[in-house]
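Below: one structure, written as structure tokens.
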Amino acid sequence: MTDDLLDRPTVHALLADGTTVRIRPARPGDHRQVRGFYEEMSPENLRLRFFSASPRSAAQAADRACGPARPGYRALLAEADDRIIGIAEYDTGAGGDARAEQEGTAEDKGTAEVSIAVADGLHHRGVGTLLVEHLVSAARAEGVTAFTADALSENHEVLRLFADLGLHTSRRFEGPEVRCTVRLGQDDTYLSAVEARGQAADVASLVPLLRPSAVAVAGAGRTPGSVGRAVLHHLRSGGFTRRLFAVNPHVGTVLGVPSYPSVAALPETPDLVIVAVPAAAVPALAEECGTAGVRALVVLTAGLDHLQARALLAACRTHGMRLVGPNCLGVSNTDPELSLDATFAAEHPRPGTAGIAVQSGGVGIALLDGLSRLGIGVSSFVSLGDKYDVSGNDLLQWWESDGRTDLALLHLESFGNPRAFSRTARRVTRRIPVLTVDAGRTEAGRKAAASHTAAAATRTMTRGALFTQAGITATRSVGELLETAALLHSQPLPAGARVAIVTNAGGAGVLTADACAEAGLALPPFTPTVIDDLLAVLPEGAAVGNPVDATAAVSEEQLTECVDRLTRCPGVDAVVVALVPTAVAAATGDDLVRALTAAPGRRARPVLAVRLEQDRSVTLLPAANGGTIPSYAEPQAAARALAHAADRAAWLARPSGAVPALDDLQTDRARTVVARYLSDHPDGGWLDPMLCADLLDCYGIPQIPWAWAETEDEAVLAADRLRGADGRVVMKAHWPGLLHKAQQHAVHLDLRGDAQVRAAFRDLERRFAGLMTGVVVQPLAARGIELFAGVAQDEVFGPLVLFGLGGTATEVLADHAARLAPLTDRDVHDLITSPRCAPLLLGANGQAPVDLEGLERLLLRLSRMAADLPQLAEADFNPVLARPDGVTALDTRIRLLPRRPQDPYLRRLR
């Protein structure tokens with residue numbers, strides 16, 4: 001048994017009150033501290049922990065926790081301020097008897113005794129719960145399936161801890177004691193409970209950053225144009241309502257703000273320090289801030305080298321400070337009770353309801369300016385910079401609970417924990433729209449992102465899968481982001497993608513119709529009743545198709561009535577009004593724009609304007625009902641925004657999906673196969689056909705019958721055994737590393753009779769002498785649709801499941817869709833229906849549909865295999881033959897790499 005936990009690095013995590021603790025394994029050198037931890041506990045606490053208050057208990061507990069590593073035992077410590085504040089441990093009992101370890105029952109191996117202790121005075125802060133979460137994660141990796149614990153029935157705190165974990169817990173009372181059994185299976189209930197605890201802790205930790213009671217700017221001097229001075233000026237001129245200090249060793253006041261030579265010399269400890277000192281001075285300043293009790297840092301300084309960066313983050317972790325940056329623009333919170341603008345942007349942001357988190361300061365300035373100009377305004381703004389700590393995930397949770405934000409805008413060039421981000425975003429996106437600029441879509445963009453943020457590049461398809469599954473609206477530019485935000489802020493969501501277009505100029509209507517169709521929106525024809533209703537209010541000569549050409553003669557009143565009737569039409573989900581200024585309207589005094597904004601009440605369906613003469617890409621027109629109408633300079637911009645809104649409405653309307661339970665899985669056997677292979681091949685590699693088949697069998701993935709042959713005679717016997725009714729077989733050469741058999745001409749098809757089988761074997765043997773280790777013989781498959789299914793394990797995002805059109809042209813056609821594992825039932829549906837080949841699967845041109853349920857099962861089982869086995873670097877099923885009577889993998893390739901399992905949902909800081 002490996003001692004994985006002891007090899008793991010120290011991690012930091014947040015308690016319920018937002019303070020930081022360090023979680024790490026106990027080691028022999030901790031004996032004195034662990035003993036002291038127990039000796040300092042009150043007699044009552046000792047009695048509840050050990051069922052007695054024996055003076056020997058502390059020494060015995062320290063001996064156990066800090067003894068030599070042994071199989072089946074783990075002890076974790078929680079530390080704060082270099083002091084142990086909690087201990088949690090589990091023991092399977094296997095370490096005392098190696099033979100019992102090997103021969104014990106599966107139930108014995110899967111159960112461990114667990115215990116928890118928390119220092120006096122630190123209860124009710126989540127120390128014990130956090131330790132148990134980390135212990136659960138470690139135990140699962142060791143194959144433990146249940147914890148048992150004995151507690152005194154009066155020990156309400158530990159009983160409540162187990163009950164509130166989110167895991168299935170049962171109790172059995174035995175006199176004054178309670179026997180608790182906690183099942184460690186990870187399901188959505190547990191993940192949601194962990195998320196809720198994490199959100200509360202995360203939000204509490206951000207209060208000193210975004211609602212500080214006092215702020216100091218370190219590096220604010222007399223020099224005009226310096227960053228520190230600019231931030232200090234912004235804080236003063238922005239009307240910051242709480243205490244403000246400058247830190248500068250050479251001056252007494254800066255811009256009228258009292259200045260002190262050091263953080264330690266300040267009259268009170270600020271919650272937040274803005275750091276604008278040279279890179280070489282940042283680590284020492286961070287350590288000084290931590291020692292003084294500062295709770296948050298915003299480091300504007302750029303250019304930190306590796307050692308300076310490590311020292312900065314170490315100071316923040318050691319002293320429990322949250323960190324924004326380095327290399328950032330600053331932070332802002334426009335709450336009138338605070339008015340915090342700790343940025344060096346040119347202007348103060350307009351107060352409003354949009355939350356912004358960006359890695360690029362330039363993008364941040366553009367969004368601040370754009371949202372202020374539109375009148376949407378900003379609730380809070382965080383420039384993440386190089387993102388050592390505070391991330392987009394943190395900000396989503398803040399906006400979810402701040403009571404002010406109704407729109408979230410993100411610009412992220414890298415992701416620290418994409419799967420945790422995805423769960424958070426799925427939850428938040430159901431409450432408020434979350435929009436992002438999809439940065440780094442091209443190879444050049446990815447290189448720029450990696451250079452700018454020192455973060456690993458991510459693939460376009462992987463990011464797209466993340467955004468799609470999480471319900472995030474992904475745009476391709478800052479302009480498109482603002483155009484979409486304007487619509488989502490001002491108008492109700494459309495119920496669908498059916499659009500009615502109205503124009504006073506036919507050409508503008510045609511351009512708008514083209515833009516809507518290209519964006520995937522539908523322009524339905526009107527019913528005779530609707531046509532009659534519209535003709536009744538429009539001027540003579542109007543053409544009532546879709547688009548509706550109301551002609552230049554349309555009056556303000558007529559246009560108002562036309563738009564109102566269309567917004568009540570049951571076959572219309574949104575109305576786009578394309579207007580151009582005309583001399584006719586000027587002569588009559590009609591204001592056609594007012595026809596859109598003068599409605600006395602809020603319309604039930606979204607209304608958008610397109611005004612080709614408009615000088616800005618998007619504006620918000622004030623409406624008489626107190627709302628606004630988005631107006632676009634280009635039809636394409638309006639259509640893109642409306643398509644995004646329709647996609648969001650569709651995402652909200654559908655069930656969230658669940659990961660289905662699968663039967664007949666042999667996960668333990670699969671892990672054994674992987675472990676044995678990697679034991680023999682420490683660097684990993686491509687599996688041979690036999691091992692591929694073993695893994696597929698473990699997960700119930702259907703394969704075509706096949707046989708392995710290493711000689712000509714074996715190939716003939718295999719062919720005789722496998723021939724179908726038509727007597728034809730296929731022979732495929734194999735050698736380690738062979739990936740594309742067709743390209744290597746390493747396949748013989750349609751072999752009939754023994755003579756052809758022998759000839760094919762000899763041909764392969766001759767051409768691939770010295771390489772070929774054997775051949776795979778299969779019956780010739782019946783006709784069907786050739787598909788591709790596979791897995792790519794991303795170092796950052798985890799396993800990505802791909803699906804689409806297969807065969808020899810799969811890479812050329814690139815008709816693939818992707819979703820991150822584990823797949824829900826909705827994800828599988830999307831995977832199957834997203835590729836362009838989907839109509840073929842559903843029964844196009846009068847053909848019978850393929851076995852869709854079988855296809856869903858294959859993808860779900862492939863997803864489960866990828867989620868269970870982090871060592872699965874690649875899986876390539878091509879082709880997968882789909883027919884009405886079943887789905888079968890004809891050719892599979894699997895590559896393994898030595899990787900340690902990681903729990904993406906474990907609460908820890910970056």
Side-chain angles (χ1 to χ4, degrees), residues 483-484 486-487 490-539 541-556 558-582 585 590 592-597 599 603-614 617-619 621 629-647 649:
E483 292 158 2
T484 306
L487 175 58
S490 63
Q491 295 293 299
L493 289 175
R498 300 169 300 180
V499 180
I501 298 172
V502 182
T503 183
N504 68 335
V510 171
L511 291 174
T512 305
D514 286 343
C516 287
E518 289 166 353
L521 301 169
L523 276 71
F526 300 135
T527 65
T529 301
V530 172
I531 291 173
D532 290 343
D533 285 347
L534 295 179
L535 288 174
V537 299
L538 290 174
V544 188
N546 192 7
V548 175
D549 185 355
T551 76
V554 67
S555 68
E556 179 181 330
Q558 290 170 326
L559 184 59
T560 300
E561 185 63 26
C562 175
V563 171
D564 286 345
R565 293 193 180 197
L566 285 172
T567 58
R568 296 192 297 267
C569 176
V572 171
D573 298 313
V575 179
V576 180
V577 184
L579 299 175
V580 297
T582 67
D590 285 308
L592 298 185
V593 173
R594 192 165 57 212
L596 308 182
T597 61
R603 295 181 172 105
R605 293 176 174 83
V607 175
L608 297 73
V610 173
R611 297 188 297 159
L612 300 179
E613 82 285 1
Q614 186 173 295
S617 63
V618 60
T619 62
L621 306 173
I629 302 288
S631 177
Y632 299 88
E634 291 287 345
Q636 290 82 357
R640 284 193 302 263
L642 191 53
H644 285 309
D647 287 344

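All values below come from the heavy atoms of this structure, side chains included, with hydrogens, waters and symmetry mates left out. Everything numeric here is computed off the predicted structure, so don't read it as measured data.
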Salt bridge (charged side-chain N to carboxylate O under 4.0 Å, His left out) pairs, two or more places apart, involving residues 509-529: none
Kindly write out the residues that satisfy side-chain hydrogen bond (donor to acceptor under 3.5 Å, both in side chains) with Q558, not counting sequence neighbours, or none if the list is empty. S555
Could I get the full list of salt bridge (charged side-chain N to carboxylate O under 4.0 Å, His left out) partners for R611, not counting sequence neighbours? none
Atom of D549, atom of A505 and distance for their closest heavy-atom approach: OD1-N, 4.3 Å
Identify the two heavy atoms, one from V572 and one from V575, that lie closest to each other, and give their separation to 0.1 Å. CG1-CG2, 4.0 Å
Sequence neighbours excluded, the answer for side-chain hydrogen bond (donor to acceptor under 3.5 Å, both in side chains) partners of T619 is none
Between L559, V577, V580, which is the residue that forms a side chain to side chain contact (heavy atoms under 4.5 Å, CB included) with L592? L559
Results of side chain to side chain contact (heavy atoms under 4.5 Å, CB included) for A515 - residues two or more places apart only: P635, Q636, A639
Nearest heavy-atom contact between A550 and L538 is CB-CD2, 3.9 Å
Report the C-alpha distance between V563 and L596 in whole Å, list the side-chain angles of each, state the deciding distance to 0.1 Å, and finish with yes or no for side chain to side chain contact (heavy atoms under 4.5 Å, CB included). CA-CA 8 Å; V563 171; L596 308 182; 4.0 Å; yes
By side-chain hydrogen bond (donor to acceptor under 3.5 Å, both in side chains) - contacts of E561 (at least two apart): R565
Would you say Y632's side chain and A609's backbone share a donor-acceptor pair under 3.5 angstrom? no
For P492 and A604, work out which heavy atoms get closest and say how close. CG-O, 3.8 Å
Working note: R603 + D564, criterion side chain to side chain contact (heavy atoms under 4.5 Å, CB included); need CA distance, chi angles, decisive distance, verdict. CA-CA 8 Å; R603 295 181 172 105; D564 286 345; 2.9 Å; yes
Looking at A508 and L612, what are the two nearest heavy atoms and their distance? CB-CD1, 4.1 Å
Could you go through L608 and L487, starting from their C-alpha distance and side-chain angles, then the distance that decides it, and tell me whether this counts as side chain to side chain contact (heavy atoms under 4.5 Å, CB included)? CA-CA 8 Å; L608 297 73; L487 175 58; 4.0 Å; yes
Check: residues 519-536 side-chain donor-acceptor pairs under 3.5 Å, at least two apart:
residue, atom, partner, partner atom, Å
T527, OG1, V530, N, 3.3

Does E483 reach the main-chain N or O of V618 with its side chain, forming a donor-acceptor pair under 3.5 Å? no
Shortest non-hydrogen contact between V499 and C516, atoms and distance: CG1-SG, 4.3 Å
Test of understanding: with side chain to side chain contact (heavy atoms under 4.5 Å, CB included), list the residues that count as partners of P581, not counting sequence neighbours. E613
From CA spacing to verdict: side chain to side chain contact (heavy atoms under 4.5 Å, CB included), Q491, I629: CA-CA 7 Å; Q491 295 293 299; I629 302 288; 3.6 Å; yes
Can you pull out every side chain to side chain donor-acceptor pair (under 3.5 Å) where at least one residue sits in residues 500-511? Sequence neighbours excluded, please. none
Are side-chain heavy atoms of P494 and L642 found at a separation under 4.5 Å? yes
Salt bridge (charged side-chain N to carboxylate O under 4.0 Å, His left out) with R498: which residues, sequence neighbours excluded? D573
Sorted by chain and residue number, the side chain to side chain contact (heavy atoms under 4.5 Å, CB included) partners of A517 (sequence neighbours excluded) come out as none
Hydrogens and angles aside, do S617 and E634 bring a side-chain donor and acceptor to less than 3.5 Å of each other? no
For S490, which residues count as a side chain to side chain contact (heavy atoms under 4.5 Å, CB included) partner, sequence neighbours excluded? L620, T628, P630
